[in-house]
Amino acid sequence: MKASIRSGLGGVAAAAAALGVAEVTALATGARSAPIVAVGGVVVDHVPAPVKDFAVAVFGVHDKTALIVGTVLLLAAYAYGVGVLARRRWAPAVAGIAVFGLVGAVAAVTRPGAGGTSVIPSVVGAAAAVLVLRHLRGRAGAAETDDGADGPYQIQESRRRFLRDLGIVAAAAAAAGVAGRMLTSRRAVTVARQSIALPSPVEPRPVLPAGVDVPGTTPYVTPNRAFYRIDTALVTPQVDPSAWQLRIHGMVRNPITLTWADLLKRPMVERYVTIACVSNEVGGDLIGNALWLGTPIRDLLEEAGPLPEADQVVQRSVDGWTCGAPTATLRDGRDALLAIGMNGEPLPVEHGFPARMIVPGLYGYVSACKWITEIELTRFADFDAYWVPRGWSALAPVKTQSRIDSPGDGSRKPVGDVTVAGVAWATHRGIATVEVQVDDGPWQPARLAAAVSADTWRQWSLTWAASAGRHTLRVRATDLDGVTQTPLEAPPAPDGATGLHQVTVDVG
Ligand SMILES: Nc1nc2c(c(=O)[nH]1)N[C@H]1C(S)=C(S)[C@@H](COP(=O)(O)O)O[C@H]1N2
Ligand SMILES: [Mo]
């Protein structure tokens, strides 16, 4: 191994040690003060929309992993350079590490909700990097000097020592990093969540009518584990209910601050509501239906007393993410909830524990703030929520959509009766009819399963007498306003995909 490569690897090991030490330090100062997460968060919030769309298109739900891997690779390249530099010129190499620490510290201290202590992990990490680099530089230097002076045995021995120390640093850094991260983020909140006894709703929970489920398609109620998850959080926010507060403020007559104990005392209702992501493609699965326990948000808004000009309700998460919904929509009588329970348990941490919003009929990105901590009454003219400057519409009612779940696209079926089944939704408006078309034939009405309310999806099925050959099945839904979903294809941006879902089936 060449001397410059040894020096470069020493630099990379020093950087790894810095990150590992920073993660452990973040046990004391909070998960989001760790430099890798802080820098990643800054990047996520500032990437231009086309780059973000590219990342989502290429990496899908792994876009965050891709970002972290990308950040680590960049950092490794930089650290390699610092290591090579350190071989001949120590002071500039230390300056290089200082810059690296400074970037982490500035990122951490400028994150929403950060305090002065959030610089500590970056500073301590950088100090560790200097120590490790100095040590490995000595080892690499010894191996180098031996190159010319001593016999083969000494050369091998000092190189072995260098590699051994490199390995120890790398392993210790990785162990510290992983353990530090896992411990900080989970510990307290898991315990708090497990000890919560959810309050009973003031009215009995809605009864599921017989026949909401059609065999062979997606279940009517989505289990928590299977529920889709979408958010910008690199590290799932861990919010301890005992420290949680919801502030309702801005253009209101009576600002309100609610603690967790206050919230539990409020009247709770339970409602089945289907929520969907605006990024859901036609036929996609970024949609789910759950039984939410929560307190009606309209009563809270009433108590706060919005000023007449306040046409937007902005919800803000502990991590600074925001969404904005029309004040009028939240007050029009629909079951918009400040929710604390999901399918009979406290909200799972990744679905917003301890409290989130659920608004029937609006896409998640304008209405369903997880880890909510603020509700600010303002005007659409005065404030753009997170996704609006990134090219998404400020107003986003859920579009009428339908999906064929069975038979699967590209599947093979024997000639004869085939059950075609799926789900359809026009949340808050309700589904009137679902129709299926085989090839270019007539649109045939499907059987609709029961539904609890207009706020959930509805399952449907149809018996198809399948003849031999390749066939295309298409589905379309009509909402209770009498509007049939458009066959015109549109991408998710800026306000939801349109077009008809179709599958191809080979019969015979
Ligand atoms: N704090 C926070 N809340 C958020 C988001 C987010 O990025 N951060 N994403 C929203 C989006 S785009 C959707 S579709 C829903 C998804 O909720 P789920 O992950 O519980 O399914 O959460 C919404 N609430
Ligand atoms: Mo979304």
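Not measured: the values here are computed from a predicted model. Whatever order the structure lists them in is the order used to number ligands and atoms, beginning at 1.
Using modelled atom types and a 3.5 Å distance limit, the side chains of Thr218 and Arg403 yield a donor-acceptor pair. In summary, the side chains of Asp262 and Thr259 do present a donor paired with an acceptor at a separation below 3.5 Å, with no hydrogens or angles considered. Between the side chains of Ser33 and Ser118, not a single donor N or O lies within less than 3.5 Å of an accepting N or O.
Side-chain contact between His351 and Phe227 is present, with heavy atoms from C-beta onward closer than 4.5 Å.
For Ala385, the side chain to side chain contact (heavy atoms under 4.5 Å, CB included) partners at least two apart in sequence or on another chain are Thr322, Phe383.
In Glu489, the CD atom is not crowded: 12 or fewer heavy atoms of neighbouring residues, nucleotides or ligands sit closer than 6.0 Å.
Around ligand 1, the residues contributing at least one heavy atom under 4.0 Å from the ligand are Phe227, Tyr228, Arg229, Ile230, Asp231, Thr232, Ile275, Cys277, Ser317, Trp321, His351, Arg356, Gly364, Tyr365, Ala368, Cys369, Lys370, Trp371.
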